[in-house]
Protein chains: 2
Amino acid sequence: MAKPENRTAVEDYLKVIFSLGEWQEETVSNAAVAARLGVSTSSVSEMARKLADSGLVAHKRYGGMRLTDEGLEQALRMVRRHRLVETFLVRSLGYSWDEVHDDAEVLEHAVSTLMVDRMDDQLGRPWRDPHGDPIPTPDGVLHQPAAEPLAASTAGERRFVARIDDDDPALLRWFADTGIAVDAEVVVRERKPFGGATRLEVTPPGAAAGVTHEVELGAQAVAALLVSLEPASPDPLNDKGCHYVGCRHIGVPRVSEKNR
Amino acid sequence: MAKPENRTAVEDYLKVIFSLGEWQEETVSNAAVAARLGVSTSSVSEMARKLADSGLVAHKRYGGMRLTDEGLEQALRMVRRHRLVETFLVRSLGYSWDEVHDDAEVLEHAVSTLMVDRMDDQLGRPWRDPHGDPIPTPDGVLHQPAAEPLAASTAGERRFVARIDDDDPALLRWFADTGIAVDAEVVVRERKPFGGATRLEVTPPGAAAGVTHEVELGAQAVAALLVSLEPASPDPLNDKGCHYVGCRHIGVPRVSEKNR
DNA sequence: GATAGAAGTTAGGCATGCCGAACTCCGAGA
DNA sequence: TCTCGGAGTTCGGCATGCCTAACTTCTATC
């Protein structure tokens, strides 16, 4: 009988440490990890020591923690699994984009390497998931689009929705209703002061040119959107080897590159 | 963060207790469960008590154990998951029938009800898995074909392969090579004495009438085959409401039947 | 019917991963 | 520089599930 092989906890910790550090390069605090995983800080301390012992995180007592190269590699493997599973559930099993997260969270610990490969094949090697989050390559590199929070973008200038935070299913459903999706073209028309609403002109992806409408977004909705200056390149990759202009590469390639 | 929710162990025990009792109605012995799960008998004793406490098995001290109605219901749910997952891996992800078992063993604990339903939809509500094992219905009933071991069938008489034991991947690959598959038509031509080989005339499923060949099976191969007197009915069900003539129904339907 | 050996159970331990409570460190402000 | 409070750690405990070793019960045979 196959053993569940409770690597689950370690995998979850690595993933969380990675994602909390994904945007800012800083170290990650014990408290942040505890909050994200819904466990006590004492549990995090304990696990931090274990992870440090196995060389997956660098951790100074009373200081923050940071993934080592090996930890980063494993974390990216988990991120790849999670995002491929989400893509598979949506494209092959008819899930809507607000339904996938919880199931993917469980499945990512259960799918074999063979299954990951088969899903990847069947999906035609997707490079991002239904929420626009980039899928690490099989050799462990994350191509991270140069995207900024919608809140930071200049009113009147054209932006493209690159990633949408998938934390809140209700918000995702609302986005779907209002035509806000990955690759939608958006222009900020007006920002009401003191955390007020943002008026946005939206061109849904694939819509005929000029087919736009206006939507009013609250602060929570604005915070869930990351936008980029340039549209994403469709497959295949653009001449920089990426789907986005301006792309940060995270992770150490597992397979040495030929041309170097 | 989703918790792994270690129901895994309980689920495995229920499944094993069910499958050890599937063919003979007797109670299941501690030792048999231990051997199948690869754990010690003391672990089984412990778990037996816990399962008895939660009302999932009936267990007399120093005696065998047997699933209660509730335990049977849960076991059949797991069997359904396992067999649907296997069918999905083969039909939708291109696994070969000798590759699916281990992955299914892990996934059956991880797939949500939603995912089970979606797989079932996509597969067109299959009633058996790639090895011919019947898939319990969503309301918890197993339609078990009236099949007998190949070893028990009379020489010279026509039989139909109903189920193939999926324990040994190498054997499954060999069966595939020799045209032995679910629904193949077989006639025992000769049985050599003292556990010797069995000569079998095989008509692979879907082959033109008369396209047969002979295969010599060793004892292990013979033991892996269950055959029935009648061919299985294709979808939809035959007039008895089953895919097989002569069918034992196992399990208490969860949803009360309308016509009663 | 006595009894030996097989089958099953209990006891005591180990590992994981979680918790709350108590303690320690560190740095910001007095 | 001192100190106080928050962040981080350590400690003792709990639950699960597994193990080995010792013990109990059942049963088949004499």
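Both backbone and side-chain heavy atoms feed into the values below; hydrogens, waters and symmetry mates do not. In what follows, chains are A, B, ... by sequence order, proteins preceding strands, each numbered from 1.
With sequence neighbours excluded, the residues that form a salt bridge (Lys or Arg N to Asp or Glu O under 4.0 Å) with A:E148 are A:R159. Remark: B:D167 pairs with B:D165 by the side chain to side chain contact (heavy atoms under 4.5 Å, CB included) rule, at least two apart or across chains. Here B:A110 pairs with A:V106, A:L107, A:A110 under the side chain to side chain contact (heavy atoms under 4.5 Å, CB included) rule; sequence neighbours left out.
B:L51 places its CG atom 12 Å from the C1' atom of D:dG17, with the value rounded to the nearest Å. Rounded to a whole Å, the CG atom of B:D53 is 11 Å from the P atom of D:dT16. Taking atom CZ of A:R49 as the reference point, atom C1' of D:dT9 lies 10 Å away to the nearest angstrom. The NZ atom of A:K50 sits 13 Å away from the C1' atom of D:dT10 (whole-angstrom rounding).
Ion pairing between a basic and an acidic side chain is recognised when a charged N comes within 4.0 Å of a carboxylate O; A:E11 and A:R81 show no such pairing.
Applying the side-chain hydrogen bond (donor to acceptor under 3.5 Å, both in side chains) test to pairs two or more places apart or on separate chains, those with a residue in residues 44-64 of chain A are A:N30-A:S45.
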Kindly list each side-chain donor-acceptor pair under 3.5 angstrom involving residues 86-93 of chain B, sequence neighbours excluded, with atom names and distances?
{"residue": "B:E86", "atom": "OE1", "partner": "B:H131", "partner atom": "ND1", "Å": "3.0"}
{"residue": "B:E86", "atom": "OE2", "partner": "B:H82", "partner atom": "NE2", "Å": "2.9"}
{"residue": "B:E86", "atom": "OE2", "partner": "B:H101", "partner atom": "ND1", "Å": "3.3"}
{"residue": "B:T87", "atom": "OG1", "partner": "B:R83", "partner atom": "O", "Å": "2.7"}
{"residue": "B:R91", "atom": "NH2", "partner": "B:L123", "partner atom": "O", "Å": "2.7"}
{"residue": "B:S92", "atom": "OG", "partner": "B:Q122", "partner atom": "OE1", "Å": "3.0"}

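B:S42 contributes no side-chain N or O that forms a donor-acceptor pair with the base of C:dG8 under 3.5 Å.
Close to D:dC18, at under 4.0 Å from its OP1 or OP2, lies a side-chain N or O of B:Y13.
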Original post:
Going 5' to 3' along nucleotides 1-8 of chain D, which nucleotides have protein heavy atoms under 4.0 Å from the base (write B), which only from the sugar-phosphate (write S), and which from neither (write -)?
Top reply: -------B
